[in-house]
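As the structure is a computational prediction, the values presented were derived from the model and not from experiment. Atoms considered below: every heavy atom in the structure, side chains included; atoms not considered: hydrogens, waters and symmetry mates. Each ligand, and each atom within it, is numbered from 1 in the order the structure gives.
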Amino acid sequence: MLETLGGISDERGALTRTFLSPAMRRANRLVGTWMREAGLAVREDTVGNLIGRLEIRPGAKTLLLGSHLDTVRHAGKYDGPVGVLLPLLALENLRRRGVRLPFNVEVIGFSEEEGVRFDTGYLGSEGYCGWLKAGTLAMKDAAGVTVGAALKDFNGGRFKPPPAAHRRGELLGYVEVHIEQGPVLEARRLAVGVVAAIAGQSRFRITWTGRAGHAGTTPMRLRRDALTGAAEFALGIEAVARRTPGLVATVGVIEVPSGAGNVIPGEAVHALDVRHASDRLRRRALVKLGRIAQTIARRRGLAVKWERTQDNSAVACSPALTARLNRSVKSVQGRTLKLVSGAGHDGVVVSSIAPVAMLFVRCRGGLSHHPDEFASPSDLGVALAVLTDFLQRMGEEK
Ligand code: GLV
Ligand code: MN
Ligand code: MN
């Protein structure tokens with residue numbers, strides 16, 4: 001299933017599947033057929049989330065399971081889909097064992113988590129949880145299309161931000177299985193571990209403005225080069241992150257709009273992604289970075305503008321739900337390990353409507369956001385056994 005889904009891409013020769021793209025629609029159709037085969041009633045919401053529901057009885061509480069179906073550019077096949085497909089197999093395991101759960105189950109393939117098309121992530125879970133705000137709907141992709149316009153088009157000309165799909169009181173929780181995307185499980189020789197918390201994250205689009213000019217005739221000391229200002233700042237960001245334990249900061253995109261080889265860059269635009277498990281230390285680092293940018297701008301005669309595109313506080317997983325998951329990990333694997341996730345996950349947003357727990361699966365070399373991303377069938381089998389055990393016990397205890 002992962003291989004087949006990994007072949008559905010907007011690009012030839014690489015896996016790229018972004019929010020509401022043609023590949024995303026094909027992926028939803030395929031996963032929808034798998035959901036139906038697993039006995040779920042399938043629908044797509046107005047934000048493109050794919051939702052499969054197993055209705056045991058009206059009025060019973062619902063357990064949410066899921067992850068995202070969008071990808072980064074030139075992605076691997078595991079980041080996201082693992083958390084949508086394993087629940088389908090776990091439900092099949094239960095059916096084969098003759099186990100009937102006493103609660104409803106909803107398996108969700110969120111339509112957007114990575115923040116590739118619009119520079120801001122979690123659009124799928126924000127829609128599902130009733131969070132989509134005017135500011136987000138006004139954000140533009142590289143072609144100038146806003147989130148709101150893309151959603152209008154997706155819905156045949158009309159779109160209103162949906163209310164939350166559930167009230168908190170009607171949910172038992174949200175459980176997401178995801179590859180670790182880091183090296184800890186591999187180093188500890190464990191197939192799976194549980195997540196204690198998800199690091200907070202701030203993302204920005206930063207624009208440096210100087211003055212364009214002739215590359216052959218303008219003496220170096222008279223230049224106001226926006227790109228070299230941005231480049232100096234990128235090195236400053238790296239230095240701050242290296243000096244601050246636990247802080248990670250990345251400039252993943254840099255662009256000179258209307259640049260040319262013989263023109264001094266008059267404008268440079270780049271992304272900034274800053275994360276820390278402590279919100280206080282993340283904010284403190286942002287203040288420091290703001291000062292460094294100002295100093296560079298002043299010295300080089302540039303203007304610098306920050307636009308915040310995303311801001312999420314760190315999220316602690318639910319101790320009660322995590323304890324249940326831990327028990328299943330111990331019973332399947334013998335040992336367990338708690339990890340902090342540096343990566344963002346749909347659970348960050350879903351924690352606003354449900355208690356959240358996450359299971360991490362070892363991935364080769366800790367590699368992710370890369371085509372060589374890999375989790376072995378046997379490790380995925382351990383994760384499946386854990387999830388099946390978790391659901392069965394939860395059913396027996398409810
Ligand atoms: C999502 O993968 C993120 O952490 O950026
Ligand atoms: Mn992911
Ligand atoms: Mn990812």
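For a distance threshold of 2.8 Å, the protein N, O or S atoms nearer than that to the Mn ion (ligand 2), listed by chain and number, are His68 NE2, Asp79 OD1, His178 NE2.
Evaluated for a side chain to side chain contact (heavy atoms under 4.5 Å, CB included) with Arg53, the options Ile108, Asn104, Leu40, Val105 yield exactly one hit, Asn104.
Checked against the 6.0 Å centroid criterion, the rings of Tyr128 and Phe110 qualify as a close aromatic pair. Taking the six-membered ring for Trp, His178 and Tyr78 have ring centres at least 6.0 Å apart.
At a threshold of 4.5 Å between non-hydrogen side-chain atoms, the residues Tyr122 and His68 do not count as touching.
Arg291 CZ: 12 or fewer foreign heavy atoms inside a 6.0 Å radius. For NZ of Lys160, the number of neighbouring non-hydrogen atoms (other residues, nucleotides, ligands) closer than 6.0 Å is 12 at most. Atom CZ of Arg158 sits in a sparse spot, with 12 or fewer heavy atoms from other residues, nucleotides or ligands closer than 6.0 Å.
Side-chain N/O atoms of Ser67 and Glu176 include a donor and acceptor closer than 3.5 Å. Side chains of Ser202 and Asp311: a donor on one and an acceptor on the other come within 3.5 Å.
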N/O pairs closer than 3.5 Å, ligand 1 and protein:
from: ligand 1; atom 1: 2 (O); to: Glu114; atom 2: OE1; distance (Å): 2.9
from: ligand 1; atom 1: 2 (O); to: His369; atom 2: NE2; distance (Å): 3.1
from: ligand 1; atom 1: 4 (O); to: Arg275; atom 2: NH1; distance (Å): 2.7
from: ligand 1; atom 1: 4 (O); to: Arg275; atom 2: NH2; distance (Å): 3.3
from: ligand 1; atom 1: 4 (O); to: Gly344; atom 2: N; distance (Å): 2.7
from: ligand 1; atom 1: 5 (O); to: Arg275; atom 2: NH2; distance (Å): 2.7

